[in-house]
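Just so it is clear, the model here is predicted, and its values are computed rather than measured. In listed order, ligands and their atoms are each counted from 1.
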Amino acid sequence: MIYLDHNATTPLHPQAFEAMVPYLRERWGNPSSPYRFGTEARVAVERARTRIAECVGCKPAELVFCSSGTESDNLALRGVAQALKSKGNHIVTTGIEHPAVLNTCKALEREGYRITYLPVNRDGVVEIEALAASLGAQTILVTVMHANNETGVVQPVEEIAAITRKRGIVFHTDAVQSAGKLPQRLGELGADLITFSGHKLYGPKGVAALYVRDGTPLAPVTTGGAHEHGLRAGTENVAGIVGFAEAVTLAFESSETEGQRLRALRDRLEREVSSAIRRVKLNGARAPRVPNTSNMSFQGVDGESIVLGLDVRGICVSTGSACSTGDPEPSHVLLAIGLSPREAQGSIRLSMGRETREEDIGLTVQTLVETVERLRRVSSARDEAD
Ligand code: PLP
């Protein structure tokens with residue numbers, strides 16, 4: 001199998017797995033219990049928090065562990081909306097966010113909040129001037145993702161942070177697809193709230209974090225015990241958190257060298273596909289991108305059929321975010337960057353990772369060429385028959 005869908009999920013790093021085992025097997029105590037067996041678990045959670053804080057460049061107390069990137073996004077958006085309800089009701093986001101943010105915005109809209117969905121340009125980047133112009137006296141939150149899950153395009157979050165800071169507006173960024181892929185430390189992005197998730201950086205599924213800059217107004221969205229500084233009730237996923245810390249450490253240590261290696265593989269893939277296949281478009285390729293992601297549109301072919309055709313040959317790619325698989329609608333991200341619905345339907349995403357090798361690229365290009373040619377022959381035969 002050639003797995004080229006690392007933006008959907010990544011395999012668990014063997015070292016992360018090893019680090020977790022003792023907390024699944026022997027040290028399964030509740031970190032809130034007062035006796036030594038519980039304290040051991042508490043120490044593991046706090047040690048993991050400190051390790052992650054060192055890697056991402058923040059204070060340990062600024063990290064809230066939760067169960068997924070989705071939950072972290074929900075806590076950020078709903079938490080600020082709730083905490084600043086009396087101050088204003090306007091939230092600014094973009095049309096290309098992950099459903100974890102977009103659908104939360106839609107839910108908040110139904111509760112009476114006003115949401116501005118900013119457009120992006122043809123490269124997939126939000127225009128800073130438009131963002132600045134959208135802010136008003138009622139604006140309580142700006143949420144703009146760092147790297148897009150479908151195109152890999154990186155947004156100018158530092159510039160956005162400089163604007164929101166000046167205006168005293170809380171800024172959240174969803175860094176699920178950039179954390180560990182870019183050498184930049186998350187704390188240096190300038191955002192007040194940052195989401196990142198374990199299973200996108202070779203950690204376990206079911207664990208993530210929200211970075212909450214000291215002093216950021218945030219209300220809890222779950223009711224229960226006083227876990228995670230009162231911001232996220234629920235017994236901590238001790239083994240998951242320990243594995244997450246190991247994975248974060250490894251990902252940030254290797255992000256520079258691994259990024260260079262993946263960028264070279266991605267560039268080779270795009271070069272060879274563009275020269276071997278006619279009528280192909282590389283989406284977002286002119287903008288800054290995370291190094292592992294490539295999004296391509298093939299004219300006259302259905303992306304879903306390419307995915308299935310490659311799957312038969314043992315190659316895993318996707319048409320967009322895993323959450324929208326089975327969704328017949330064209331990608332909202334590709335429509336937002338100006339693709340027609342037909343072009344968007346003809347798109348696939350290839351996302352490389354730690355185990356991707358040169359020979360995988362050669363085989364993928366060859367299989368992709370054969371698959372696209374076969375599908376085009378079938379569709380032109382069908383058109384002629386019609
Ligand atoms: N945000 C982005 C940009 C993502 O790509 C994803 C997952 O695909 C999420 C949030 C949700 O993360 P999780 O799968 O941990 O809920």
Checklist entry - Is there any N or O on Asn7 that sits under 3.5 Å from an N or O of ligand 1? => result no

Next on the checklist: Gly69 versus ligand 1: do any nitrogen or oxygen atoms come within less than 3.5 Å of each other?
Outcome noted: yes

Show the atoms of ligand 1 that are less than 4.0 angstrom away from any heavy atom in [X].
X	value
Met145	3 (C)
Asn149	3 (C), 5 (O)
Asp73	1 (N), 10 (C)
Ser197	15 (O)
Gln177	3 (C), 4 (C), 5 (O)
His199	13 (P), 14 (O), 15 (O)
Ser68	15 (O), 16 (O)

Checklist entry - Just checking, any donor-acceptor pair under 3.5 angstrom between side chains of Asn237 and Ser67? => result no

Item to check | Within-shell test, Glu71 vs ligand 1, heavy atom, strictly < 4.0 Å | outcome: no

Next on the checklist: Whether Arg354 engages the ring of Tyr202 as a cation-pi pair (distance to the six-membered ring centre under 6.0 angstrom, angle to the ring normal within 45°) should be assessed.
Outcome noted: yes

Next on the checklist: So if I apply the salt bridge (charged side-chain N to carboxylate O under 4.0 Å, His left out) rule between Arg49 and each of Glu228, Glu54, Glu62, which one comes out positive?
Outcome noted: Glu228

Checklist entry - Quick one: do Arg261 and Glu258 make a salt bridge, cutoff under 4.0 Å? => result yes

Next on the checklist: Looking at Glu40 and Arg36, is there a salt bridge between them, counting it only when a charged N and a carboxylate O are closer than 4.0 Å?
Outcome noted: no

Checklist entry - Hey, mind stepping through Arg268 and Glu272 against salt bridge (Lys or Arg N to Asp or Glu O under 4.0 Å) and telling me if it holds? => result CA-CA 6 Å; Arg268 176 184 159 197; Glu272 294 186 5; 2.9 Å; yes

Next on the checklist: With a 6.0 Å cut-off (strictly less than), is the heavy-atom count around CZ of Arg278, excluding the residue itself, greater than 12?
Outcome noted: no

Checklist entry - Relative to ligand 1, is Thr70 under 4.0 angstrom through side chain, backbone, both or neither, heavy atoms considered? => result both

Next on the checklist: My understanding is that only residues two or more places apart in sequence, or in another chain, count here; which of them pass side chain to side chain donor-acceptor pair (under 3.5 Å) with Gln15?
Outcome noted: Glu246

